[in-house]
Enquirer: 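Have a look at this one before I ask anything.
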Amino acid sequence: MPAHPGEIPKPNTAWIWKTFWVITAITALEFLIAFVMPSSTLRNSIFIVLTIFKAFFIVAEFMHLKHETKGLIWTILIPMALLIWLLLALITEGNAIHKAIF
Amino acid sequence: MSTISPTTQAISDSALDKPRTGTWDGGNEPFNASYGKLMMWFFLLSDAFTFAAFLTTYGLIRHKYLAYAGKVEDFVFSTAYWPIPEKVFNSFPGLHGVDLPLAFVALMTMILIFSSVTMVLAVEAGQRFDKKDVQKWLLWTILFGTIFVSCQAWEWSHFIGGTDEGTLMNDGTRFFGANLAVNQYGPVLFADLFFFITGFHGTHVFSGICLLIYCFIATTNGTFEKRGHYEMVEKIGLYWHFVDLVWVFVFTFFYLV
């Protein structure tokens, strides 16, 4: 319960808007790159890095994970390593199927 | 399964009256987070695996097909290669026939990111026990979420309906739009993945809106105020941000790459 009933503290929202502008700027940058740069592996890598940046800001700030205990942070992040493996394995697999067909 | 002797029964009966406090007895919170929040995190982790499976499948299937090799300006729809997303998603409601690549999906992305901002503002207001602000920001979040789902409905109906020209198929007929078996944009699996990935995400947004409406009603009734905390808003907030997070990845892997 609040310290003094009936009294509402002032909102503290500067960090929320800061995070919003960072995410918006990254999205705008992605959009710009989609049109000025021809499609290539480099472009895709840039997109993936920028997406991970955005994901970091959403998870760390909006979902507050940055301010949780270390144990909780690792509990969520370590299983994600399996997904990176899954992604690499299946993309390789897709390339192999491609080579077998064409 | 377990047989409890009368003495043990009597002890646990009295122990049930108050929460246990011993370090190894449930009284210790190593993660310093409530049961509900922790379980929401674990649910989201499992949900992340489901979405990752979808997106990885997209990656595999896309690599299986030929990439379009010619100039972007000369691109035509064909089942021979994977379509360029900006040539498929280039329409905007009310601007028929105008080529606006990815404009609508960029707008949708911004709407969803903004709804995430209003969601954090609701959580922040809940921590200050500012009931009016919680209601205000929850309503904004519900509004933006609803707009996003409506935009997706338009996107789907346009995708299913197809372009004016359609695509000339092998049997000499023209096919317009898409279903799970045929589509004018490219390989069959392109449309299938579009329906499954954006559909699964849209279902999540819809569930989120239902949860937010519950939250708004409970806030208005003073349920959380009586409970002494607005943790429910925080837990549903976690879910809502996750849905936004998934869209960030869908946007990159389905529309940009």
Side-chain angles (χ1 to χ4, degrees), chain A residues 1-2 5 7-13 15-17 19-20 23-24 26-28 30-31 33-35 38-39 43-44 47-48 50-52 54-55 58-59 61-65 68-72 75-76 79-80 82-84 86-87 89-98 100-102, chain B residues 30-33 38 41-42 44-45 48-49 52-53 55-57 59-68 72 84-86 101-102 106 109-110 113-114 116-117 119-121 123-125 127-133 228-229 234 237-238 240-242 244-245 248-249 251-253 255-257:
Chain A
M1 291 299 279
E7 187 189 301
I8 294 168
K10 285 263 171 298
N12 170 27
T13 56
W15 65 275
I16 298 173
W17 291 107
T19 312
F20 167 70
I23 295 172
T24 307
I26 298 175
T27 309
E30 282 183 332
F31 202 62
I33 292 171
F35 291 106
S39 184
R43 192 179 83 156
N44 290 348
F47 280 146
I48 290 164
L50 289 176
T51 305
I52 290 168
K54 268 206 283 194
I58 293 172
V59 177
E61 298 293 345
F62 285 176
M63 295 172 89
H64 220 256
L65 191 62
E68 303 288 354
T69 57
K70 270 213 178 96
L72 180 50
T75 306
I76 300 302
M80 291 292 167
L82 289 170
L83 296 180
I84 297 168
L86 179 74
L87 189 72
L90 288 196
I91 298 279
T92 313
E93 192 69 23
N95 280 323
I97 299 171
H98 176 93
I101 297 174
F102 299 103
Chain B
F31 286 172
N32 202 15
L38 218 48
W41 270 111
F42 292 147
L44 294 181
L45 186 63
F49 271 66
L55 287 172
T56 311
T57 309
L60 184 148
I61 291 168
R62 189 180 175 155
H63 278 82
K64 186 187 137 184
Y65 283 93
L66 281 174
Y68 175 70
V72 179
I84 302 176
E86 62 188 68
L102 302 182
T109 304
M110 283 324 295
I113 289 174
F114 205 73
S116 228
V117 172
M119 187 72 235
V120 211
L121 289 167
V123 171
E124 198 268 345
Q127 283 160 350
R128 292 183 289 112
F129 292 89
D130 190 338
K131 185 177 162 181
K132 278 224 173 80
D133 262 17
H229 56 77
E234 288 181 42
L238 280 178
W240 191 259
H241 297 312
F242 173 76
D244 178 33
L245 179 71
V248 163
F249 281 93
F251 177 65
T252 301
F253 290 112
Y255 294 93
L256 290 179
V257 167

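Just so it is clear: chains get the letters A, B, ... in the order the sequence lines come, proteins before strands, and each one is counted from 1.
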Enquirer: Given heavy-atom pairs under 4.5 angstrom as the criterion, report whether the side chain, backbone, both or neither of B/Pro101 touches chain A.
Expert: both

Enquirer: Would you please name every residue forming a ring pair (Phe, Tyr, Trp, His ring centres under 6.0 Å) with B/Phe251, sequence neighbours left out?
Expert: none

Enquirer: What is the minimum heavy-atom distance between A/Met80 and B/Ala48, and which atoms define it?
Expert: CE-CB, 3.7 Å

Enquirer: Indicate yes or no: at least one non-hydrogen side-chain atom of B/Phe49 is less than 4.5 angstrom from one of A/Leu82.
Expert: yes

Enquirer: How would you list, by chain and number, every residue that makes a ring pair (Phe, Tyr, Trp, His ring centres under 6.0 Å) with A/His64, sequence neighbours excluded?
Expert: A/His67

Enquirer: Counting heavy-atom pairs under 4.5 Å with chain B, which one of A/Thr13, A/Leu87, A/Ile76, A/Ile97 comes out on top?
Expert: A/Ile76

Enquirer: Between chain B and each of A/Thr92, A/Ile101, A/Thr51, A/Thr24, count heavy-atom pairs under 4.5 Å; write down the option with the most.
Expert: A/Thr51

Enquirer: Does any backbone or side-chain atom of B/Ile61 lie under 4.5 Å from a heavy atom of chain A? Answer side chain, backbone, both or neither.
Expert: neither

Enquirer: Does any non-hydrogen side-chain atom of B/Val117 lie less than 4.5 Å from one of A/Trp17?
Expert: yes

Enquirer: State the CD1-OG1 distance between A/Ile48 and B/Thr252, to the nearest 0.5 angstrom.
Expert: 8.0 Å

Enquirer: Can you tell which part of B/Leu38 gets under 4.5 Å to a heavy atom of chain A, answering side chain, backbone, both or neither?
Expert: side chain

Enquirer: Just wondering, do A/Leu65 and B/Trp41 contact through their side chains at under 4.5 Å, heavy atoms?
Expert: yes

Enquirer: Measure B/Glu234 against the heavy atoms of chain A and call it side chain, backbone, both or neither at under 4.5 Å.
Expert: neither

Enquirer: Using a cut-off of under 4.5 Å on heavy-atom pairs, state which of B/Asp244, B/Val248, B/Leu256, B/Ile84 scores highest against chain A.
Expert: B/Leu256

Enquirer: Got a second to check how far B/Thr56's OG1 is from A/Ile91's CD1, nearest 0.5 Å?
Expert: 7.0 Å

Enquirer: A/His98 side chain to B/His63 main-chain N or O, any donor-acceptor pair under 3.5 Å?
Expert: yes

Enquirer: So which of A/Ile23, A/Ile33, A/Asn12 has the biggest tally of heavy-atom pairs under 4.5 Å with chain B?
Expert: A/Asn12

Enquirer: I need the residue from A/Ala55, A/Pro11, A/Pro38, A/Ala34 with the largest number of non-hydrogen atom pairs under 4.5 Å to chain B.
Expert: A/Pro11

Enquirer: Distance check, rounded to the nearest 0.5 Å: A/Ile58 atom CD1 versus B/Phe242 atom CZ?
Expert: 11.0 Å

Enquirer: Could you tell me which non-hydrogen atom of A/Trp15 sits nearest to which non-hydrogen atom of B/Val120, and how far apart they are?
Expert: CH2-CG1, 3.6 Å

Enquirer: For B/Leu44 and A/Met63: C-alpha separation, side-chain torsions, deciding distance, then whether side-chain contact (heavy atoms from CB on, under 4.5 Å) applies.
Expert: CA-CA 11 Å; B/Leu44 294 181; A/Met63 295 172 89; 3.7 Å; yes

Enquirer: Search all heavy atoms of B/Phe31 against all heavy atoms of A/Gly71 and return the closest pair with its distance.
Expert: CE2-C, 3.4 Å

Enquirer: About how many Å separate CD of B/Glu86 and CZ of A/Phe35, when rounded to the nearest 0.5 Å?
Expert: 5.0 Å

Enquirer: If I take atom CG from residue A/Leu72 and atom CZ from residue B/Phe42, how far apart are they, to the nearest 0.5 angstrom?
Expert: 7.0 Å

Enquirer: Fit a plane to each ring of A/Phe20 and B/Phe114, take the angle between them on a 0 to 90° scale, and name the class: parallel (under 30°), tilted (30 to 60°) or perpendicular (over 60°).
Expert: perpendicular

Enquirer: Would you mind checking which part of A/Lys70 comes under 4.5 Å of any heavy atom in chain B, side chain (CB onward), backbone (N, CA, C, O), both or neither?
Expert: neither

Enquirer: Taking all non-hydrogen atoms of both residues, which atom of A/Leu83 and which atom of B/Ala52 are closest, and how far apart?
Expert: CD2-CB, 3.6 Å

Enquirer: Quick one: OG1 on A/Thr19 to CD1 on B/Ile113, what's the gap to the nearest 0.5 Å?
Expert: 12.0 Å

